[in-house]
Amino acid sequence: MTTPQALQGMSDIFSPEVEIWQTLESRAREVLARYDFREVRTPILEEVGVYLHSLGDTSEIVTKQMYAFETRGGKQVCMRPEGTAGVMRHLAGRGQEAQDARLYYLGPMFRAERPQAGRRRQFHQLGVEGMGPASPEQDAEIIAMQAALFEAWELGPVSFQLNTRGAPEDFPRILDGLRNELLPHQDSLCGDCQRRLDNNVLRVLDCKVPGCKEIVQSLPPITTWMAPESIAYFDRVRAALDALKVPYEVNPLLVRGLDYYQHTIWEVTSTALGAQDALSGGGRYRMAMGKTELDGVGFGIGMERVLLALSEDTKTAFAKDAKDLVMLVAQNDEARGANFVLAADLRAAGFRVRMDLTGKSMKAQMKAAGRQNARWVILRGENELAQNTATVRDMSVGEQSEVPLGQVKDVLK
RNA sequence: GUGGGUGUAGCUCAGUUGGUUAGAGCGCCAGUUUGUGGCACUGGAGGCCGCGGGUUCAAAUCCCGUCACUCACCCCA
C-alpha cells in the first residue's frame, strides 16, 4: 500500500466518535470548575530532564518508552509521556502561586509501547493537580471530585481501589521488609517476579501469575512497615471519604507505577475494559523540579479507556448533534444560486445548514439529505422562485408545505 | 522488547488439494418516477488479493522478509 497511513498506535478521532469526546470534555470542564480548577496547557515537547528524576530514573516510561530526540541546538527533548511533570515544571517557576494552585490538563500523551486494547502510543489524558501540603481532606476531596466526574460522564459501575504507600521515610523499610519476606519463596516466583525482586519489589504484589498471587496472599500487609503517623493519615482519608459517602475499596495490593507517589494512592477500574482495566490512576505526591519541591495530589484519566467503558446507549446519546440539520435542495442553477444566499441567512440565524454544491439531480440531493440525517429539507425550484416561497419538508415524517420565504425560520423553529 | 491471531471492493466477509476473465451481502451511482429521501425491482461502477522477494508451466492460495491491524505479556492511564 502506497497511501500513507497513521503511525502505529496513533489514530484519527473523527465523527461520530469525536462528538463523544466533545461531550465528555465539556461535562468535565463543568465539574472541574465547580471545584475551582483551572485549565493549564503545557507544551507537548519538553526537555527530557523534566521527566528523568521526577518519574524515577529506572521507570520503564523513562528508560524505554519516551519519544525522545535531539534538537538542532543539541537539546535532549521528548514528547510528554505523562502530564504531571510538565505541570510541575510550570509551577516550579511561580513561587507562591504554586502553593495552592488547582490545575487540570486535557491532551495527548506519548509512549512507545506495543498497542493493545485500551492502550495507544498517542493517548489522551485528563489530569488534575491540586497543590498543597499533605492533607487527608484534600486527598478525599480530589477523589470525590473524580467520582463526580464519572457520574457526569454517566459511566457504568466502576471500582475505586484505594491504598497507601506510606511516607518517604517508610519506603526503605517497606522495600526491605517485602524483599525479606519474599526471598524464602524466590524459587517459586515467576521469572518476572524474580527480576522484580531486584528492581521493582512492589510490582510483585500485583503479579497476575497464580503461583505468585498465592505467595503474595500470605505476606503481612504493607502497613506492617509503616510509621503510625502514616497509618493514621490513611485512616483520616478514609474517614473523609466516608463522610462524603464516596464508595471505595481498600486494596492493600494496589501499586502505582511512578516513583513520585506517597501516602494515598488509588486506581479506578472497570470490568468493561480488557486486560488494561484501569480507567484512572492517582495519588498524593512530592515532586522535585530542580530546586523546588512540590506537594500535591492528582489523578490522570485515560480518555480512550473511558470511551471503551461507556455503554452503547450513553455513547449514542453523547454523539448526538445538538442541532437538527437543514438541507437546501435546488431544482436548477438559478435556485442553487438563491439557496447559496439563503444558506448564509439561515446560518446567521443559528441553524445548521448544508446544501448541494455540485449540481446533482434533485433526487440525488434528496438521497444525500436522507443519508446525512437531515431533519429538514428546504426545496426551491421554478415555482418557489417565481412566488418567493420555499417548500419545507420535515424528513422525519415525510410531510411538506410551501411557505413564504420570510416564514421559513419560523417553520424550522 | 516477547508471543498468538489477522490483512481479498468504501464496509463485513467467502474463495475448496496452487489451475482460465477473483465472488457475495451491505453501501455507492443510474433508471423505473424529465420537481422529492427511506421501500421494491432493473442495470452499472468499483480489487497490483497489505507491500517486496522466492518456489512453480501456473500463486489470493506455498516459502521468506516487511509494514499494518488485533489480543495478551511486560509496563501503565
Side-chain angles (χ1 to χ4, degrees), chain A residues 1-11 55-56 58-66 80-84 107-128 146 190-193 195-196 199-200 202-203 206-209 255-258 266-270 273-283 298-309 327 329-332 335 356 360-385 391-400 402:
Chain A
M1 187 170 299
T2 47
T3 51
Q5 33 184 287
L7 291 174
Q8 184 175 46
M10 306 198 178
S11 35
L55 305 198
T58 57
S59 81
E60 195 151 307
I61 291 181
V62 169
T63 54
K64 298 184 191 162
Q65 300 181 350
M66 288 201 309
R80 61 183 187 193
E82 60 101 58
T84 301
M109 307 294 162
F110 302 84
R111 293 181 199 169
E113 308 174 90
R114 283 286 280 271
Q116 75 185 75
R119 190 167 77 186
R120 319 251 65 208
R121 289 183 163 186
Q122 173 174 338
F123 62 105
H124 298 78
Q125 273 192 351
L126 166 62
V128 151
Q146 191 175 18
C190 72
D192 283 327
C193 282
R195 185 173 48 79
R196 285 168 178 143
N199 60 18
N200 205 354
L202 285 172
R203 275 287 167 203
D206 68 352
C207 182
K208 292 167 183 168
V209 177
V255 178
R256 302 280 302 122
L258 287 343
W266 72 92
E267 217 166 82
V268 185
T269 57
S270 164
L273 271 44
Q276 308 298 323
D277 64 350
L279 286 172
S280 168
F299 58 77
I301 299 176
M303 294 301 288
E304 279 82 358
R305 293 185 184 177
V306 169
L307 259 95
L308 286 174
M327 183 71 88
V329 167
Q331 183 200 5
N332 52 36
D356 173 64
K360 281 192 290 222
S361 71
M362 282 190 65
K363 189 182 169 71
Q365 292 179 59
M366 290 300 295
K367 262 193 105 158
R371 186 167 49 238
Q372 281 152 43
N373 259 316
R375 168 72 196 281
W376 304 99
V377 163
I378 295 178
L379 211 143
R380 290 208 289 174
E382 282 174 37
N383 298 342
E384 287 85 351
L385 287 185
T391 297
V392 180
R393 182 178 179 83
D394 183 341
M395 296 291 274
S396 60
V397 292
E399 284 167 14
Q400 65 188 43
E402 192 174 340

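Keep in mind that the numbers below use all heavy atoms, side chains included, and drop hydrogens, waters and symmetry copies. Sequence lines set the chain letters: A, B, ... in the order given, protein chains first and strands last, and positions in each chain run from 1.
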Taking atom P in both G5(B) and G65(B), compute the distance separating them and give it to the nearest angstrom. 14 Å
When the distance from CG of Asn383(A) to C1' of U34(B) is rounded to whole Å, what number comes out? 15 Å
Between U36(B) and Gln400(A), counting only base atoms on the nucleotide and side-chain atoms on the residue, is there a donor-acceptor pair under 3.5 Å? yes
Using a 4.0 Å heavy-atom cut-off across all strands, classify Glu384(A) as base, sugar-phosphate, or nothing. base
If you take atom types as modelled and just measure distance, does the side chain of Gln276(A) reach the base of A72(B) with a donor-acceptor pair under 3.5 Å? no
Base, sugar-phosphate alone, or nothing: which one does Ala117(A) contact when heavy atoms must sit under 4.0 Å apart? sugar-phosphate
In whole Å, what separates the P atom of U17(B) from that of A9(B)? 23 Å
Sugar-phosphate, base or nothing in reach of Arg111(A), heavy atoms under 4.0 Å: base
Under 4.0 Å between any heavy atoms, over every strand shown, what does Arg120(A) touch: base, sugar-phosphate, or nothing? Just pick one. base
Both distances under 3.5 Å, Watson-Crick or G-U wobble: report the partner of C49(B), or none. none
Please work out if Gly274(A) contacts a base, only the sugar-phosphate, or nothing of the nucleic acid, heavy-atom cut-off 4.0 Å. sugar-phosphate
Side-chain donor/acceptor contact of Arg119(A) with base of C75(B) under 3.5 Å: yes
Base, sugar-phosphate, or nothing for Gly282(A), non-hydrogen atoms under 4.0 angstrom? nothing
Across the strands shown, which category fits Arg256(A) at heavy-atom distances under 4.0 angstrom: base, sugar-phosphate, nothing? sugar-phosphate
Name the nucleic acid region contacted by Glu304(A), choosing base, sugar-phosphate or nothing; use a 4.0 angstrom heavy-atom cut-off, strictly under. nothing
Going by heavy atoms in the side chains, are Arg121(A) and Leu7(A) under 4.5 Å from each other? no
Pick the P atom in G23(B) and in G46(B), then give their distance to the nearest Å. 14 Å
Which part of the nucleic acid, if any, lies within reach of Gln116(A) when heavy atoms closer than 4.0 Å are counted: base, sugar-phosphate only, or nothing? base
Which base sits across from G43(B) as a Watson-Crick or G-U pair, both distances under 3.5 Å? C29(B)
